[in-house]
Amino acid sequence: MITIGNIQLQGFPLLLAPMEDVSDPPFRAVCKENGADLMYTEFISSEGLIRDAIKSRKKLDIYDYEKPIGIQIFGGDEDSLAMAAKIVDVTNPDLLDINFGCPVKKVACKGAGAGVLKDIDLMVRLTDAVVKSTNLPVTVKTRLGWDEQTKNIEEVAERLQDVGIKALAIHGRTRSQMYKGEADWSLIAKVKNNPRIHIPIFGNGDIDSPQKTVEYKNRYGVDGIMIGRAAIGYPWIFREIHHYMRTGELLPSPTVEERVEVSKNHLRKSVEWKGLVVGINEMRRHYSNYLKGLPGIKEFRNRLVTLKEVEEVEAVLDEVQQHYQGFEVERAPIVLENYHEHCAV
Ligand SMILES: Cc1cc2nc3c(=O)[nH]c(=O)nc-3n(C[C@H](O)[C@H](O)[C@H](O)COP(=O)(O)O)c2cc1C
């Protein structure tokens with residue numbers, strides 16, 4: 001069992017990574033239904049929370065069925081982070097995560113996100129300020145270091161543990177790498193194997209299959225694995241990994257019924273949370289992923305992306321279900337996209 005403050009996670013936990021513009025409540029709902037053990041919000045600007053910016057406040061929305069859930073904040077200033085932590089407190093998540101990994105310029109070069117990796121003393125002060133201003137368990141998500149020459153994650157892990165963080169998630173890349181190359185998990189394993197480290201260490205980077213999860217779990221000995229891009233358009237990854245860990249067998253690809261069901265659930269939640277117009281519009285990018293592999297689906301998809309009412313979309317999804325009833329979608333490898341330009345940690 002893995003313990004983070006008061007949270008107890010059974011077995012080998014699979015975490016849904018925080019992802020800006022992706023891991024919102026509708027997306028989290030379908031990941032939760034498919035077995036994500038611990039989830040995080042998108043990252044939230046501490047300055048935005050203090051200014052009461054609508055976008056930042058909206059990201060604080062969390063629901064009971066999502067528990068355990070963490071809220072992630074970022075910022076480069078002790079007072080702002082401490083104030084933001086107090087604001088987060090009121091929403092009563094299970095944990096508060098600090099982002100020290102976002103590599104995009106507008107965040108990292110203002111001294112927040114991965115920018116803090118250049119200055120460990122500052123990182124420690126920021127973390128300490130957050131820990132002292134909240135009763136929630138505080139966790140951190142970060143990268144190996146700023147660049148190839150400054151992979152300081154071993155020191156970072158010890159010092160952040162010393163100021164009281166309760167878990168650390170490490171993306172096996174430096175800030176300079178953005179998403180290039182392969183994530184290097186050997187340093188994550190070094191942190192995990194450091195006898196001084198007693199908090200859970202979660203590995204992150206490039207996990208895209210049940211087999212890779214088990215291979216990395218065994219090879220690197222981490223306490224759990226965090227999954228980002230592989231879950232986009234494929235929330236079934238969580239249940240597939242859990243099943244494979246339990247039985248050693250691969251589940252067949254999701255059925256057409258399941259694909260339609262996830263599309264409907266995601267749509268419903270999207271409209272509930274974002275309102276009709278935005279909810280329907282933002283949902284459009286998801287259909288091709290959820291219905292991928294069905295021959296001739298383009299014709300249905302072209303219709304789905306023009307509709308403006310929930311009932312109309314649901315009716316086309318019902319047609320899809322009938323049209324492809326019993327069709328077995330072949331298992332295809334998940335493609336991890338490069339999001340270099342996007343804010344991603
Ligand atoms: C679209 C996108 C948005 C992201 N936004 C965040 C974020 O808000 N906070 C964060 O800590 N990481 C963010 N990340 C990084 C992921 O949490 C994760 O560390 C990274 O994608 C590597 O994991 P993966 O190979 O499983 O995708 C983002 C990644 C992507 C692809």
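Indexing begins at 1, ligand by ligand and atom by atom, following the structure's order. For the single chain, residues carry numbers from 1 onward in sequence order. Hydrogens, waters and symmetry mates play no part in the numbers below; they use all other heavy atoms, side chains included.
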*Asks:* Is the closest N or O pair between Pro18 and ligand 1 shorter than 3.5 Å?
*Replies:* yes
*Asks:* May I ask you to decide whether Glu258 forms a salt bridge with Arg239, counting only side-chain N to carboxylate O separations under 4.0 Å?
*Replies:* yes
*Asks:* For ligand 1, is Asn99 a contact, meaning one of its heavy atoms is under 4.0 Å away?
*Replies:* yes
*Asks:* So among Ile153, Leu187, Val222, which one has a side-chain contact (heavy atoms from CB on, under 4.5 Å) with Ile170?
*Replies:*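 Single pass found, and it is Ile153.
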*Asks:* Would you name the heavy atoms of Ile73 and Leu81 that are closest together and state the gap between them?
*Replies:* CD1-CD2, 3.7 Å
*Asks:* Looking only at non-hydrogen atoms, which of Lys59, Glu42, Met19, Lys141 approaches atom 12 (N) of ligand 1 most closely?
*Replies:*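 Of the listed residues, Lys141 has the closest heavy atom.
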*Asks:* Identify whether NZ of Lys or CZ of Arg in Arg268 sits under 6.0 Å from the centre of the six-membered ring of Trp273 and within 45° of that ring's axis.
*Replies:* no
*Asks:* Is the contact between Gln72 and ligand 1 made by the side chain, the backbone, both, or neither, using heavy atoms and a 4.0 Å cut-off?
*Replies:*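 Within the 4.0 Å criterion, Gln72 contacts ligand 1 through side-chain atoms alone.
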*Asks:* Below the 3.5 angstrom mark, is there an N/O of Gly228, backbone or side chain, next to an N/O of ligand 1?
*Replies:* yes
*Asks:* Is the closest heavy atom of Ala230 to ligand 1 under 4.0 Å?
*Replies:* no
*Asks:* Just to be sure I read this right, does ligand 1 sit under 4.0 Å from the backbone of Glu20, its side chain, both, or neither, counting only heavy atoms?
*Replies:*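 Both backbone and side chain.
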*Asks:* Would you call Tyr40 a ligand 1 contact, heavy-atom distance under 4.0 Å?
*Replies:* no
*Asks:* Do Lys212 and Asp206 have side chains that get closer than 4.5 Å, going by heavy atoms?
*Replies:*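 Yes, side chains in contact.
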*Asks:* Is the closest N or O pair between Ile232 and ligand 1 shorter than 3.5 Å?
*Replies:*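 Among all N and O atoms of Ile232, none is under 3.5 Å from an N or O of ligand 1.
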*Asks:* Do you reckon Val116 sits in the same ILVMFWY cluster as Leu49, going by side-chain contacts under 4.5 Å, direct or chained?
*Replies:* yes
*Asks:* Tell me whether the NZ or CZ atom of Arg143 lies within the 45° cone about the ring axis of Tyr179 and under 6.0 Å from its centre.
*Replies:*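 Here Arg143 passes the 6.0 Å and 45° test against Tyr179.
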